[in-house]
Amino acid sequence: MVLCWRSLTFNLLKLLITRQFPNVESITPEALAQWLQDPSKIQPILLDARSEAEYELSHLWHARRIDPESPDLSYLANVSFETPIVVYCSVGYRSAAVASRLLQAGFYRVYNLEGSIFQWVNEGRKVYKDEKIKSLVHPYNWLWGKLLKLQYRGKI
């Protein structure tokens, strides 16, 4: 029953995010994982659009944190507009908002990670802190944390 509820909720979130941010393309965790494992492809910049506390617990390998409330794009000042960028957060809403701002700034290979870090770990993929594999993800809050499988749910 929990798996059905979780899947239904992710599908509803995907629909909401697509309607709210129609200009933002998404990428599935599976597609991103394959991309990151293919050295023949230009690797994307990974931007984590979560709070500092969320990022500090764990994040994707080599992801850089960007403040979802007031994204500082100066980090990308010397980055070509054609550089691929993948943004993620907990479930995909904050990252879609950041991705939309990146598109407005002129970047055109911008993707929102579908289901974001919650879906990433729920599918058994690794997260890191200080280049060490971690097993827990910050749950954002008690309600959204229910979208994380229990074994991946960190403490608030």
Side-chain angles (χ1 to χ4, degrees), residues 2-3 6-15 17-18 21-68 71-73 75-103 105-140 144-145 147-154:
V2 171
L3 290 177
R6 189 176 290 127
S7 180
L8 176 63
T9 303
F10 273 118
N11 285 336
L12 288 172
L13 284 168
K14 181 180 173 183
L15 182 61
I17 291 165
T18 301
F21 304 98
N23 59 331
V24 175
E25 278 188 66
S26 65
I27 184 170
T28 66
E30 181 180 358
L32 177 60
Q34 289 174 357
W35 185 357
L36 294 174
Q37 292 172 354
D38 188 345
S40 70
K41 292 186 177 181
I42 296 172
Q43 293 299 293
I45 293 173
L46 299 176
L47 295 178
D48 185 316
R50 298 179 299 151
S51 71
E52 262 187 74
E54 291 172 282
Y55 177 84
E56 284 302 316
L57 184 58
S58 64
H59 49 268
L60 273 59
W61 182 254
H62 291 295
R64 180 180 172 105
R65 185 181 169 273
I66 188 165
D67 186 341
D72 179 6
L73 303 184
Y75 160 72
L76 301 169
N78 296 322
V79 174
S80 167
F81 287 135
E82 64 190 35
T83 301
I85 301 172
V86 176
V87 190
Y88 70 90
C89 60
S90 295
V91 297
Y93 191 86
R94 291 177 289 175
S95 53
V98 170
S100 182
R101 293 199 52 186
L102 289 166
L103 289 167
F107 294 94
Y108 58 89
R109 293 184 66 197
V110 178
Y111 307 92
N112 186 35
L113 181 59
E114 192 175 292
S116 279
I117 198 169
F118 284 11
Q119 192 66 37
W120 180 267
V121 297
N122 282 344
E123 292 178 5
R125 293 186 181 81
K126 295 178 175 115
V127 288
Y128 299 84
K129 178 182 179 177
D130 301 327
E131 299 188 6
K132 293 180 181 151
I133 296 173
K134 295 294 174 183
S135 59
L136 299 177
V137 170
H138 194 289
Y140 182 69
W144 289 110
L147 291 173
L148 277 168
K149 291 180 180 176
L150 188 57
Q151 69 263 32
Y152 304 122
R153 200 177 306 155

Pairs touching residues 112-134 that satisfy ring-ring contact (aromatic ring centres under 6.0 Å, His included), sequence neighbours left out:
W61-Y128
Could you walk me through whether E30 and R125 satisfy the side-chain contact (heavy atoms from CB on, under 4.5 Å) test, starting with their C-alpha distance in whole Å, then the side-chain angles of each, then the deciding distance to 0.1 Å, before giving a yes or no?
CA-CA 9 Å; E30 181 180 358; R125 293 186 181 81; 3.7 Å; yes
Evaluation steps, side-chain contact (heavy atoms from CB on, under 4.5 Å), between T83 and I42
CA-CA 8 Å; T83 301; I42 296 172; 5.6 Å; no
Taking every non-hydrogen atom, the tightest pair across [X] and [Y]:
X	Y	answer
G154	L57	CA-CD2, 4.2 Å
G92	C89	N-SG, 3.1 Å
V98	A49	CG2-CB, 3.9 Å

Nearest 0.5 angstrom please: [X] [atom1] to [Y] [atom2], how far?
X	Y	atom1	atom2	value
L147	I117	CG	CD1	13.5 Å
S26	F21	OG	CZ	13.5 Å
L60	S116	CG	OG	9.0 Å
D67	D72	CG	CG	9.0 Å
E114	T18	CD	OG1	7.5 Å
R94	D48	CZ	CG	8.5 Å

Any side-chain heavy atom of [X] sitting closer than 4.5 Å to one from [Y]?
X	Y	value
L36	Q43	yes
E54	R65	no
L76	L102	yes
V127	Y152	no

With a 3.5 Å distance limit and no angle check, can you tell me whether E56 reaches the backbone of S51 through a side-chain donor-acceptor pair?
no
Applying ring-ring contact (aromatic ring centres under 6.0 Å, His included), can you list everything that pairs with F81, at least two apart in sequence or on another chain?
F107
Y55: which residues meet the ring-ring contact (aromatic ring centres under 6.0 Å, His included) condition with it, sequence neighbours left out?
H59
Using distance only, find each side-chain donor-acceptor pair of residues 131-140 under 3.5 Å and give its atom names and separation, not counting sequence neighbours.
unit_1, atom_1, unit_2, atom_2, d
H138, ND1, Y140, N, 3.0

Set out, in order, the CA-CA distance, both residues' side-chain angles and the distance that settles side-chain contact (heavy atoms from CB on, under 4.5 Å) for I66 and Y75, then state yes or no.
CA-CA 9 Å; I66 188 165; Y75 160 72; over 6 Å; no
Going by side chain to side chain donor-acceptor pair (under 3.5 Å), name the residues that satisfy it together with S58, two or more places apart in sequence or in a different chain.
none
Got more than 12 heavy atoms from elsewhere within 6.0 Å of CD, E82?
no
Using the test side chain to side chain contact (heavy atoms under 4.5 Å, CB included), find all partners of I27 that sit at least two apart in sequence or belong to another chain.
A31, L32, W35, V86, Y111, L113
Please evaluate residues Y88 and N112 with respect to the criterion side-chain hydrogen bond (donor to acceptor under 3.5 Å, both in side chains), reporting the C-alpha separation (whole Å), side-chain torsions for both, the decisive distance (0.1 Å), and the verdict.
CA-CA 6 Å; Y88 70 90; N112 186 35; over 6 Å; no
